[in-house]
There are 2 protein chains.
Amino acid sequence: MSDRPFRRAVATVCLSGTLEDKLGAAAAAGFDGIEVFEPDLVAAPWSPAELAARCADLGLSIDLYQPFRDLDSTDPARFARNLRRAERKFDVMEQLGTTTVLVCSSVAADAVADPDQLAGQLAAVAQRAGERGLRIAYEALAWGTHVSTWDRSWDAVRRADSPALGLCLDSFHVLSRGGDPAGFAAVPADKLFFLQLADAPQLQMDVLQWSRHHRLFPGQGAFDLAAFLDSVLAAGYTGPLSLEVFNDVYRQSDPARTAVDAMRSLLWLQEQLAARRGDPELAVAPPAPALTGWSFTELAVDGVSGPEVAAALAGMGFTHTGQHRSKPVQLWEQGRARVLLNASVVRPSATGVASVAALGLESADPPRSAQRAECLKAPVLPRTRGATEADLSAVAAPDGTQVFFTRTGPDGWPADFLPTGSPAGAGAGVTGVDHVGLTQPFDSFDEAALFYRAVLGLEPQAVGEFAAPFGLVRTRAVSDPARAVRLALSVSALRRGTWAPGVPDPQYVAFTSADVVATARAARAAGAPLLTIPGNYADDLDARYDLAPELLAAIRELGLLYDEDEHGRWLQLVTRVLGDRVFLVVVQRLGGYDGYGAADAPVRMAAHRRSRALATTD
Amino acid sequence: MSDRPFRRAVATVCLSGTLEDKLGAAAAAGFDGIEVFEPDLVAAPWSPAELAARCADLGLSIDLYQPFRDLDSTDPARFARNLRRAERKFDVMEQLGTTTVLVCSSVAADAVADPDQLAGQLAAVAQRAGERGLRIAYEALAWGTHVSTWDRSWDAVRRADSPALGLCLDSFHVLSRGGDPAGFAAVPADKLFFLQLADAPQLQMDVLQWSRHHRLFPGQGAFDLAAFLDSVLAAGYTGPLSLEVFNDVYRQSDPARTAVDAMRSLLWLQEQLAARRGDPELAVAPPAPALTGWSFTELAVDGVSGPEVAAALAGMGFTHTGQHRSKPVQLWEQGRARVLLNASVVRPSATGVASVAALGLESADPPRSAQRAECLKAPVLPRTRGATEADLSAVAAPDGTQVFFTRTGPDGWPADFLPTGSPAGAGAGVTGVDHVGLTQPFDSFDEAALFYRAVLGLEPQAVGEFAAPFGLVRTRAVSDPARAVRLALSVSALRRGTWAPGVPDPQYVAFTSADVVATARAARAAGAPLLTIPGNYADDLDARYDLAPELLAAIRELGLLYDEDEHGRWLQLVTRVLGDRVFLVVVQRLGGYDGYGAADAPVRMAAHRRSRALATTD
C-alpha cells in the first residue's frame with residue numbers, strides 16, 4: 001500500500017487566518033502543495049520571492065495561483081487593461097516560481113459570448129504566458145455569464161488551440177450543474193492542467209451562494225467525488241489533487257485542525273477510489289473492522305454529580321455490579337447496557353457536572369481499528385487515559401470524546417472490575433444501548449461527520465434542522481449499516497445566545513427496551529427522575545395521529561414521547577438533566593423506525609429548561 | 001398624535017425561548033396581542049385555558065392561532081383525517097378564547113389543484129368553524145403547491161363563499177413573489193381577516209429558505225411595507241398589525257430585547273404611513289431633528305491605554321486643548337475634529353483597553369431628538385453618565401455606545417472644559433470626522449440598522465459582506481442624506497472563532513483630511529503609530545488600476561490604502577491598534593466616493609494582527 005500515489009494540495013482559501021497561519025497548517029497536515037489565493041498574498045508581509053522561499057522551507061510547492069477574475073471582454077479597451085493586469089501577475093508568478101495560473105470564465109456583463117472571439121482572447125493571453133514559460137488553466141464558473149459548464153470551457157480551450165492553455169476542472173462547478181464527468185474522456189490528457197476538488201450538500205439555492213458559503217471537504221457532502229476523480233484520472237490527469245473549499249465555518253476555525261480534516265478527506269477519497277477500482281495499491285489504511293455494538297458508555301462525574309447519576313441509574317433499573325480495581329470507577333449494568341461512572345478525572349473542584357467522557361465500541365479487530373484511526377490522522381490517545389486498565393486503544397473524536405475499541409469478554413476490560421456481589425437483574429427492562437447523543441462544538445460539525453465516516457466506517461445520514469426554543473439546531477446521525485452503533489450529532493446553527501437559560505451542549509445516552517411503557521412504570525415506581533411532559537403534547541398527538549386509546553393514555557400518564565417515520569414508530573422515555581448536562585433516554589423502535597425523535601426535541605428541551613428552573617427555585 | 005390607532009401583535013415564533021419567556025417579553029414591550037404558534041403551545045406547561053388566563057393577566061389578546069399545515073387533499077381519506085385534526089384544534093381554540101385560525105395553502109404533493117374542489121374543502125372546514133363561532137384566515141404560502149400567490153388564495157376564498165372564511169395577507173408571501181398590493185382594493189373589507197407583516201432583505205435564494213431564515217422586522221429589510229400596509233388599510237382592514245418574522249438570529253437572542261425591536265419596527269412603520277398619507281394623527285413621535293455633524297467622539301481609557309491613545313493623537317496632529325473641570329477627561333482637537341479621552345469610568349483594574357464610549361452628534365434640536373428617542377423606545381440614559389456636565393441627553397445604542405444629542409457652542413458642552421492654553425493648530429491637516437466604525441454584537445446587527453433609522457433618522461445602506469482573515473464579516477453603513485453623520489457597522493457573520501489571535505470587536509474613528517498624503521507625511525514625521533501595509537498591496541493596485549506614478553509611490557511609501565467606487569476614489573491612512581481595540585483612520589474622499597474601504601479591510605486586518613504579534617514578541 002502506498003499513501004502517496006497523488007500529490008495533495010490545498011487552496012489557501014480553505015483555511016482561516018493570515019498566510020503565515022495557513023502555510024504552517026498545510027505543512028503540518030502533510031500537504032505537498034498549496035494554491036495561492038490572491039487576497040492572502042496581497043495581505044502577506046512577504047514578497048512573492050520570500051513566499052516561495054518560505055514554502056520551500058516548509059516542503060510545499062505552489063501548484064496554482066489565482067490572481068483575478070473576468071479576463072475576457074467585449075470592450076477592447078478593457079481587454080487591453082486586463083492583458084496589462086495579466087502581465088503584472090505573470091511577474092508575480094515568476095517570483096513565486098509557479099507555472100500555472102487559474103483563469104475563470106467571466107461573470108461580467110461585458111463577458112465575450114462569441115466562441116471564436118473568446119478563444120482568440122484566451123489564446124492571446126496564453127501566448128504571452130507561454131512566452132514566459134507559464135500556462136493558463138481555464139475554468140468554467142457555474143455562474144459564468146456565457147461559459148458556465150465545463151464543456152463550454154473545453155470548447156473555448158479547443159478552439160484557442162494554444163499549448164499554454166488547458167482546462168481546470170472543479171468538481172463543484174461540474175457537479176452543481178449536473179455535469180457528466182464521463183465526458184472528460186474526450187479531452188486529451190495534456191489539456192487537463194489542474195483539478196480542484198470540493199464536496200457540497202445538496203441545497204436548493206443560488207449556485208454562487210452555494211459555492212461561496214457551503215462547500216465541504218470530500219466525504220462531508222452529497223457529491224459522488226470518487227466517480228468524478230476516477231473520470232479525471234482515467235482521462236489522463238497527472239497533476240495534484242487540490243482542495244478548494246469555500247466554507248463559512250472553516251473560514252473562522254482553527255486552521256491547523258481544518259488542514260488535518262482536509263487531509264483526511266483526501267485519504268478517504270483515495271480509499272473510495274481504491275474500492276471503486278479494486279486497486280489495493282491505492283489503499284491508505286487497513287479497512288475499518290466491523291463495529292458490532294456498545295461495550296460501555298463512560299460518564300465523567302464528581303462528588304456531586306456522581307451520586308446524582310448513580311441514583312438515576314438505580315431508578316432506571318441499573319445495578320452497580322462492579323468496582324474498578326484501582327480507580328474510583330463504578331460499573332453499572334442492565335441487560336447488555338453498561339455505564340461507567342468515572343470519578344477519577346481530576347478537576348480543580350467538584351462542579352457538579354457530568355459529561356460523556358468515552359464511548360466503548362465493540363470492534364471485530366480492536367488493534368486494526370486503532371491502526372486505521374492513526375492512518376486517517378485521528379488523534380490516538382495515550383493508553384493510560386481510559387477508565388480501564390485493559391490494553392485498550394482509544395482515539396479522540398472532534399468533540400473530545402474518547403472512543404475506545406474493545407472486545408468485551410472475560411479477558412477484556414470487564415476483568416478490571418471486581419464484582420460488587422449484586423448481579424444485574426431484569427431491572428426495568430432495559431436491554432442495551434440504542435445510541436448516544438452528542439452536541440458538537442460549533443466549528444467541528446462537518447469535521448465530525450467525516451471523522452466518524454473515515455475513521456470508524458460509520459455512514460453519515462442526512463443533515464436535519466429544527467427550531468429549538470433557544471435557536472435552530474442542526475442534526476446528523478452516523479451509524480453502521482446494521483445500526484449496531486448509532487450516534488446522534490447536533491449543533492446550534494448559530495451558536496446559542498448567552499441569554500438562554502437552557503442546558504448548554506446537552507448529551508444523552510439512549511438505551512433500548514422491548515416495552516418502554518413497562519420500563520416507564522418501573523422507573524416511576526422506583527423514583528427515577530423522569531421528565532414531566534405537558535398534557536398539550538398528548539392532546540396534539542391525538543389530533544395528529546389515530547393512536548390506540550390505551551397507548552395515548554400511557555403516553556399521557558407516563559410522559560412518553562412518540563414519533564413516526566416512513567418505516568415505523570417509536571416511543572421515548574426521558575429523564576431530567578443530571579449533572580447539569582447529561583440525561584438518560586429509553587427508546588423502543590417499532591417496525592423499523594430509523595430516526596431519533598428530532599420532532600419532539602423542542603418539547604423535550606422546553607421541559608428540561610422548565611424542570612431546571614423549578615429545581616433552582618425549589 | 002395618537003400611538004394607538006392600531007392594535008399591535010407579535011407571533012410567538014418571532015421571539016426566542018419558551019412560551020413563558022415570550023409572553024413576558026411581548027407584554028413588557030407593549031404589544032396588545034400575540035399569535036400563538038403551535039410548537040410553543042404544545043411545549044407549554046399550561047393548558048390552553050390556563051394560557052388564556054395568563055395572557056389576560058398580562059393584557060395580551062390571542063389574535064391568531066397557527067395549528068397546522070396542509071389541510072386540503074386530493075385523498076378523501078386524508079382530507080377526512082385533516083377535518084378530524086381541525087376539529088381537535090377548534091377544541092383548543094375554544095379553550096384559548098381565540099376566534100381566528102390560520103390555514104396556509106398546502107405544500108404537500110396531494111394538495112388540491114382544482115379551484116372548485118379546493119374551495120369546496122375550504123368551505124367544508126369553514127362551515128364547521130362557523131358553527132363553533134370561529135373563522136378561518138386562508139393564506140397563500142409563496143411556495144404552496146398550487147396556491148402560491150395572494151390572488152390564488154383570494155380566488156379560493158371567493159369561490160368558497162363562506163362567511164367563516166376570509167384572507168390572511170402576509171407581506172412576505174406577497175412581496176417575495178412580486179405581488180401587487182394594489183389588487184387588495186378588489187377584496188371586500190369583511191374578507192380581510194388578518195394581516196401579517198414581515199420585511200426581508202432582497203436575496204437570490206429558494207423562497208422557502210428565504211422566508212424561514214431571513215425575515216426581518218419592518219424597516220430592517222428591502223420591502224416597501226408602508227405601501228403594502230397602506231393598500232391593506234385602504235381596502236378596509238381593521239384588525240391588528242401582526243409581526244410574523246422567522247429569523248435565525250432572533251430565534252436565539254434575548255426575547256425582551258427582540259420584542260422592543262419589534263415594537264419599534266411597528267412604530268417606525270406607522271410613521272412611514274403617516275408621512276405617506278400626510279396624516280398627523282398617525283404620528284408616533286416628533287420628527288427626527290436634522291443631525292448636522294459630529295461634536296465629539298469619546299473614548300473610554302484607563303491609566304495604561306490613556307497615555308497610549310494620547311500619544312497617538314498627538315502624533316496625528318491633535319492638540320490637548322481642554323481639561324474637564326471636575327473629571328479626568330481630556331479634550332483633544334484638530335480642525336473640527338474633537339476627541340474626548342475619558343478616564344473616569346471606574347474599572348476594577350487598569351486593563352489597558354480603550355473603547356468608543358460615546359458619540360456626540362450635533363442636533364438641530366437636542367431635546368426633541370431625545371424626546372423622539374424615548375417615543376421610539378430607545379433606552380434613555382441618566383444625564384449624569386456622560387463625560388460632560390452640560391445638560392445633555394443621551395440614549396444607548398444597541399451595542400451600548402452612548403449617543404449624545406448636542407449643540408456645540410459657547411454655552412454648550414465645551415464650557416465644561418478649561419483651556420489648557422494650547423490652541424489647536426493646523427496639526428497634520430485633519431479637518432473633521434468622516435465616520436465612526438463600530439463592530440456590533442452578533443445578535444443586534446439588524447436591530448442596530450433599525451435603531452439608527454428610526455431613532456436618529458439615519459438611512460441604512462446596502463448590506464455588504466467580505467471575507468476577512470478570521471471569517472466572514474457583514475457590513476452596513478447608516479448615514480444622513482447629506483452624509484454629515486456616517487456610521488460603519490459591522491459584524492462577524494458567524495461570530496469569530498476563539499482561536500483567532502486578531503483584534504476582537506475592533507472600533508475606529510475616521511477623520512477627514514483634504515490631503516491624506518500630506519497628513520501621512522506629517523504623522524510619520526511626528527512618530528505616529530502608523531500601520532505598516534505590505535508592498536504586495538501596492539503591487540496589486542498597480543496591476544488593477546492605472547494610478548499616477550507619484551500617487552502609487554506615495555501609497556507605497558506611506559502605507560496608504562486606496563479604493564474606487566462608481567462615484568470616485570478614496571485614500572486612507574490607518575494607525576496601529578491602540579488600547580487593544582481602537583484605531584484611528586484619516587480618509588480623503590475624491591469625486592463623491594461613497595463607500596468605507598471594505599475591499600481593503602482584509603489587508604488592514606492582517607496588518608493589524610501582524611503588528612500586534614510583533615508588539616507581543618518585541
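Since this is a predicted model, take the numbers as computed values, not measurements.
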Heavy-atom proximity to chain B below 4.5 Å, by part of Phe246(A): neither

Shortest non-hydrogen contact between Arg88(A) and Ala543(B), atoms and distance: CB-CB, 3.6 Å

Which heavy atom in Arg610(A) sits nearest to a heavy atom in Ala43(B), and how many Å separate them? NH1-O, 3.1 Å

Of Asp546(A), Leu41(A), Leu208(A), Asp600(A), the largest count of non-hydrogen pairs under 4.5 angstrom with chain B goes to Leu41(A)

Could you tell me whether Arg609(A) and Asp21(B) have a side-chain N and a carboxylate O separated by less than 4.0 Å? yes

Over all atoms of both residues, closest heavy-atom pair of Gly17(B) and Phe470(A): CA-CE2, 3.6 Å

Chain A contact via Glu465(B) - which portion, at a heavy-atom distance below 4.5 Å: side chain

Apply side-chain hydrogen bond (donor to acceptor under 3.5 Å, both in side chains) to Glu20(A) and list each qualifying residue two or more places apart in sequence or on a separate chain. Thr18(A)

Would you compute the distance between atom CG of Asp206(A) and atom CE of Met205(B) and round it to the nearest 0.5 angstrom? 9.0 Å

Using heavy-atom distances under 4.5 Å, tell me whether Pro48(B) contacts chain A through its side chain, its backbone, both, or neither. both

Given side chains that start at C-beta, do those of Asp542(B) and Arg85(A) come closer than 4.5 Å, heavy atoms only? no

Does any heavy atom of chain A fall under 4.5 Å from the side chain of Tyr250(B), the backbone, both, or neither of them? neither

Pair count under 4.5 Å, heavy atoms only, with chain B: among Leu15(A), Asp248(A), Val603(A), highest is Asp248(A)

Could you look at Glu38(A) and say if it's the side chain, the backbone, both or neither that has a heavy atom under 4.5 Å from chain B? side chain

Is it true that, when you exclude Arg556(B) itself, more than 12 heavy atoms of the residues, nucleotides or ligands shown sit nearer than 6.0 Å to its CZ? yes

Non-hydrogen atoms of chain A under 4.5 Å away: do they reach the side chain of Val249(B), the backbone, both or neither? both

Under 4.5 Å, counting heavy-atom pairs only, tell me which of Leu19(B), Val92(B), Leu472(B) racks up the most with chain A. Leu472(B)

Nearest non-hydrogen partners of Ser16(B) and Pro469(A), listed with the distance: OG-O, 3.4 Å

Before accepting this row, confirm whether a basic side-chain N of the pair Asp540(B)/Lys89(A) lies closer than 4.0 Å to the acidic partner's carboxylate O. yes

So which part of Asn82(B) gets closer than 4.5 Å to some heavy atom of chain A, the side chain, the backbone, both or neither? neither

Hey, which of Gly471(B), Ala606(B), Pro45(B) has the most heavy atom pairs under 4.5 Å with chain A? Pro45(B)

Which bit of Gln95(A) is near chain B, if near means a heavy-atom gap under 4.5 Å: side chain, backbone, both or neither? neither

Residue selection (most heavy-atom pairs with chain A, distance under 4.5 Å) from Gln209(B), His213(B), Glu87(B): His213(B)

Sub-4.5 Å heavy-atom contacts with chain B: which residues of residues 532-539 of chain A show up? Pro534(A), Asn536(A), Tyr537(A)

In terms of heavy-atom proximity below 4.5 Å to chain A, should Trp46(B) be classed as side chain, backbone, both, or neither? backbone

